Structure formats: structure tokens, C-alpha cells
Amino acid sequence: MDETLSKRDQRDKRQADHKRNDFSALVRAHIRERDGERCVLCGRPGREVHHIIPRAHGGLGTADNGICLDAGCHHQAHRSKQVAKQLLRYRERVLLPLYGIRADEYVWLDPLMDGTCRCGGQVADGACDKMCGLKLLNRREESRG
């Protein structure tokens with residue numbers, strides 16, 4: 001049997017890979033609560049959750065990579081390199097210190113079903129043993145956010 005994928009199967013695989021880094025409902029709710037449902041750029045009411053590091057560039061659907069934006073700023077975030085750089089600086093200056101992580105780490109809010117990290121490592125003491133950067137946010141830390 002030929003192991004090459006049809007064009008349709010290739011497209012379906014790309015879409016599935018693209019969606020794996022979407023924000024879960026839990027993470028979206030956390031980001032909206034953390035940001036007070038206000039746009040972090042202009043301060044107006046904003047409920048749209050945006051990936052600071054785009055999924056296409058490996059950005060995960062994690063709390064440290066998401067922010068609330070209003071519709072206008074969200075549009076600009078996708079089209080302006082200057083706004084994208086501003087959001088990266090916001091992540092470095094505000095979000096990383098808030099969660100107590102480095103730029104190469106990420107905060108995972110969703111429960112891990114079997115204690116296995118997304119990279120395949122085992123999670124112990126709130127971090128991945130393969131040192132992929134996973135940091136589990138416990139309830140005490142979540143209340144700061």
C-alpha cells in the first residue's frame with residue numbers, strides 16, 4: 001500500500017496540526033479573567049484572545065502566550081510587525097514575570113490525563129523530565145493571575 005498521503009489527507013493533517021495549539025476553553029477563560037476582559041493595548045473592552053507567538057511559528061495555546069485584544073487591535077496585531085513586537089515585549093515584561101517563568105518555558109493549565117507531557121516526557125514536581133519547558137500552574141499560583 002502506498003504510504004504517501006493524498007492532497008486531501010495532507011490538508012486535513014495540516015489543519016489538525018494547526019489546531020493542536022488552539023487555546024482550550026479553560027485557558028481562554030483564564031486569560032480573559034487575568035486581563036479583565038480589556039484589551040492590553042488600548043484598554044477598551046476586548047474579549048478576543050490572541051496568540052502572541054503565532055501558532056505558525058510554534059506558539060502554543062498556553063496562558064503565557066495569550067492576551068485579550070479588542071477587534072481593532074486584534075486586526076492590527078495580525079497585520080503590523082510593530083504591534084507584534086510590542087506584544088512580544090509585553091509577554092517578556094509582564095506575563096513571564098507574572099507566571100515566574102523564562103522565555104523558553106510555558107504555563108500549562110489543562111489537566112494532563114496520564115502525567116505525560118505533550119512532548120512525551122513524564123511530569124514530576126510541576127515540570128517535564130525532558131526539560132521541554134512545561135510548568136504546571138497550581139491553584140495557589142493561579143490566584144495571582
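Everything numeric here is computed off the predicted structure, so don't read it as measured data. For the numbers below, each heavy atom of this structure counts, side chains included, while hydrogens, waters and symmetry mates do not.
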- Item | Proximity of His50 and His78 rings by center, below 6.0 Å | yes
- Message: Do Gln82 and Lys85 have side chains that approach each other closer than 4.5 Å (heavy atoms only, starting at C-beta)?
- Response: no
- Query: What's the shortest heavy-atom distance between Leu69 and Ala77, and which atoms?
  - Reply: CD1-CB, 3.9 Å
- Query: Distance-only, no hydrogens or angles: does the Asp35 side chain make a donor-acceptor pair with backbone N or O of Ile67 under 3.5 Å?
  - Reply: no
- Salt bridge flag under 4.0 Å for residues Arg102 and Glu105: yes
- Query: Would you say the side chain of Leu98 lies within less than 4.5 Å of the side chain of Asp64, judging by non-hydrogen atoms?
  - Reply: no
- Residues forming a side chain to side chain contact (heavy atoms under 4.5 Å, CB included) with Arg28, sequence neighbours excluded: Phe23, Arg32, Val49
- Query: Rounded to the nearest 0.5 Å, how far apart are CD1 of Ile53 and CG of Asn65?
  - Reply: 4.5 Å
- Note on the structure: Nearest heavy-atom contact between Gly121 and Asp129 is CA-OD1, 3.4 Å
- Task: To the nearest 0.5 Å, tell me how far Glu92 CD sits from Ile52 CD1.
- Result: 9.5 Å
- What closest approach, in Å, do Gln76 and Val83 show between heavy atoms, and which atom pair accounts for it? O-CB, 4.0 Å
- Query: At their closest point, which heavy atom of Tyr90 faces which heavy atom of Val40, and how far apart are they?
  - Reply: OH-CG1, 3.6 Å
- Task: Can you see which heavy atom on Cys68 is nearest to which on Gly46, and at what distance?
- Result: CB-O, 3.6 Å
- Could you state the interatomic distance from NE2 (His30) to CZ (Arg34), rounded to the nearest 0.5 Å? 5.5 Å
- SG (Cys73) and CD (Glu48) are apart, to the nearest 0.5 Å, by 10.0 Å
- Exercise: identify the closest heavy-atom pair between Gly61 and His51: CA-NE2, 3.9 Å
- Message: Is any side-chain heavy atom of Leu109 closer than 4.5 Å to one of Thr62?
- Response: no
- Item | Validation row: Asp70, Arg38 side chains within 4.5 angstrom (heavy atoms) | no
